[in-house]
Amino acid sequence: MTKITYIEHDGTSHTVDAPEGLSVMEAAIRNMVPGIDADCGGACACATCHVYVDGDWAGKTGERSSMEESMLDFATDVRDTSRLSCQIKVTAELDGLTVHLPEHQG
Amino acid sequence: MTQSPLSGPFGTVIIGAGQAGLSAATELRKRGYQDPITLIGDEASLPYQRPPLSKAYLSGDLTLDRLWLKPEAFYEKSQIEVLTNTRVTTLDRARQLVITKDGREIAYDYLILATGGTARRIPIPGADLMGVHVLRDLIEADGLSAALDQARHVAIIGAGYIGLEVAASARKRGLDVTVIEAAERPMARTASALLGGWFGAIHRGYGVDLRVNTPVEAIVGDDKAEGVRIAGGEVITADLVLMATGLTPNTQLAESAGLSCNDGIEVDDSARTDDPLIYAIGDVANLPSARYGRSLRLESVHNAIEQGKAAAASIMGEAVNYDPVPWFWSDQYELKLQITGLIEGADQRVRRGDPEEGRFALFHFKDGRLIACEAVNAPQEYIAAQRMIAQDKRPDPEALRDVTVAMKTFLA
Ligand SMILES: Cc1cc2nc3c(=O)[nH]c(=O)nc-3n(C[C@H](O)[C@H](O)[C@H](O)COP(=O)(O)OP(=O)(O)OC[C@H]3O[C@@H](n4cnc5c(N)ncnc54)[C@H](O)[C@@H]3O)c2cc1C
Ligand code: FES
């Protein structure tokens, strides 16, 4: 199990045990973390699973794919640290990962 | 389950525990709705995603535990009572209650019909033979998947999205696949000629035997399907037949209760039927679109979610005006197709990017207004188009054609 912490826009924090192989989005949905809608269920088609990856982790969560990049281009409040959480796979390496959630999805 | 109290509040009863019904229930709670919510579904399982049933779930890349839309604990936490395996057989509007197959009466203050649809079986000889499948729900997907494990020759009737997605999954499994389509090209009902033709060529390239302009006459076989007889008499050998021939909206309850139905249950722009206490959402609803100047019945996850939210907002007393820019996606082989808007009535079309490179977008205009975009592995074009359509923009077609002009410029 990999520990992942999601911090809502208002500062509320949720730490969950995420099984390897799922996506960071799926781990949030299974643990009822509010603030991730994931309308398309992880098909990289809706951009409602937007998160910000804390600086130090960016190297470990991997690169955005070109598809993800484009989806993010038009999401609200995009930053350099923005990712679509359905495109980040949970691995042992990510133990302790912290992501912040935007105020709105979409 | 507690017996219905004799006096209210009875809360909101939702018939159909699918994508739309769940969305309405979730949104009601998000907005602070305090009364009971009962989500009634006739399937055995809690709400799940249907799109993977013809894609990653069918090809074995996604396991069952990843299909659920919400974990079981969510329903208790959100105080949404879910009745699975429960079919509603009667809607009694005068008494404001519904009756389940096992005779239980459940009263409502508001009712939401989210009953989706049933895969259509075309009425030809042999349609009921063993080995003839349809695909709408999890049980049918499991049945199809198990049959694919045994099959060698697959015949798919209908080259719509589901037919083509299953064709791609079956090719991935190494099976012989024939797709038989009555129209002159794949996806003829919803996609442009250029896109449909292009997808047809892709499937042929992957080894699918695609037959267009080919009506089907019968499914042949003694007690089990052995082939499909097409117009002209040829029999295409098949030990597995999939009828991917569209959806019939589940309007029976609404119809027998006297609600207006016409290719779905008719609703207004707040998802309300002609009974002010009853809403209809998702695949079963037929909604008026000012944007497209006609009524529409949409079959997409996006519409199921958003119309569900609209109904919830309306129940909470908010004025809503739901007039969506439709969108959905389809995965076939390594291709991601994304379509936004509706192409009907288009009088001008431009292409951006090169189909030879497997990455392009088609923009469709009507009277200078952008009305639709079909994008293959071109998410940026797709998203920008979606925004432009929502804002009634009139981008310069020649600039759109020019790949050196960034999509962002059109939204400035
Ligand atoms: C194989 C497949 C692939 C798809 N791929 C995509 C895709 O890639 N992208 C996309 O956007 N959309 C896709 N769709 C469409 C999408 O899944 C639907 O638009 C969406 O599920 C509609 O949701 P709904 O809630 O309206 O209906 P449903 O999800 O069908 O839910 C309706 C539920 O109501 C139940 N019900 C009906 N009558 C009664 C009754 N009397 N009593 C109790 N329960 C009842 C039904 O059994 C069902 O469980 C796909 C659909 C299928 C089948
Ligand atoms: S869940 Fe839709 S893009 Fe991530």
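The model shown is predicted, which means the values in this text are computed figures rather than measured ones. Sequence lines set the chain letters: A, B, ... in the order given, protein chains first and strands last, and positions in each chain run from 1.
- Other residues, nucleotides and ligands contribute only 12 or fewer heavy atoms inside 6.0 Å of the CD atom of B/Glu72.
- The distance from the CD atom of B/Gln380 to the CD atom of A/Glu69 is 8.0 Å, given to the nearest 0.5 Å.
- When the shell of 6.0 Å around CD of B/Gln391 is examined, it contains more than 12 heavy atoms from other residues, nucleotides or ligands.
- Between B/Asp65 atom CG and A/Leu22 atom CG the span is 7.0 Å, to the nearest 0.5 Å.
- With a threshold of 4.5 angstrom between heavy atoms, B/Leu69 approaches chain A through N, CA, C or O but not through any side-chain atom.
- Residue B/Met407 holds its CE atom at 10.5 Å from OG of A/Ser70, rounded to the nearest 0.5 Å.
- In this structure, no portion of B/Lys55 lies under 4.5 Å from any heavy atom of chain A.
- Note that CZ of B/Phe74 is 9.5 Å distant from CD1 of A/Ile29, once rounded to the nearest 0.5 Å.
- Heavy-atom pairs under 4.5 Å with chain A were tallied for B/Leu62, B/Leu411, B/Leu67, B/Ile305; the largest tally goes to B/Ile305.
- For B/Ala56, no part lies under 4.5 angstrom from a heavy atom of chain A.
- Annotation: B/Asp354, atom CG; neighbour count of heavy atoms from other residues, nucleotides and ligands within 6.0 Å is above 12.
- Proximity to chain B is absent for every atom of A/Thr48, based on heavy atoms less than 4.5 angstrom apart.
- Heavy-atom contacts from other residues, nucleotides or ligands closer than 6.0 Å to NZ of B/Lys408 number 12 or fewer.
- Residue B/Ala378: no heavy atom, backbone or side chain, is found under 4.5 Å from chain A.
- If you take OG on A/Ser23 and CZ on B/Arg66, they are separated by 6.5 Å, rounding to the nearest 0.5 Å.
- Per-residue heavy-atom pair counts under 4.5 Å with chain A were compared for B/Lys30, B/His302, B/Gln49, and the maximum is reached by B/Gln49.
- Around CD1 of B/Ile139, the count of heavy atoms belonging to other residues, nucleotides or ligands within 6.0 Å does not exceed 12.
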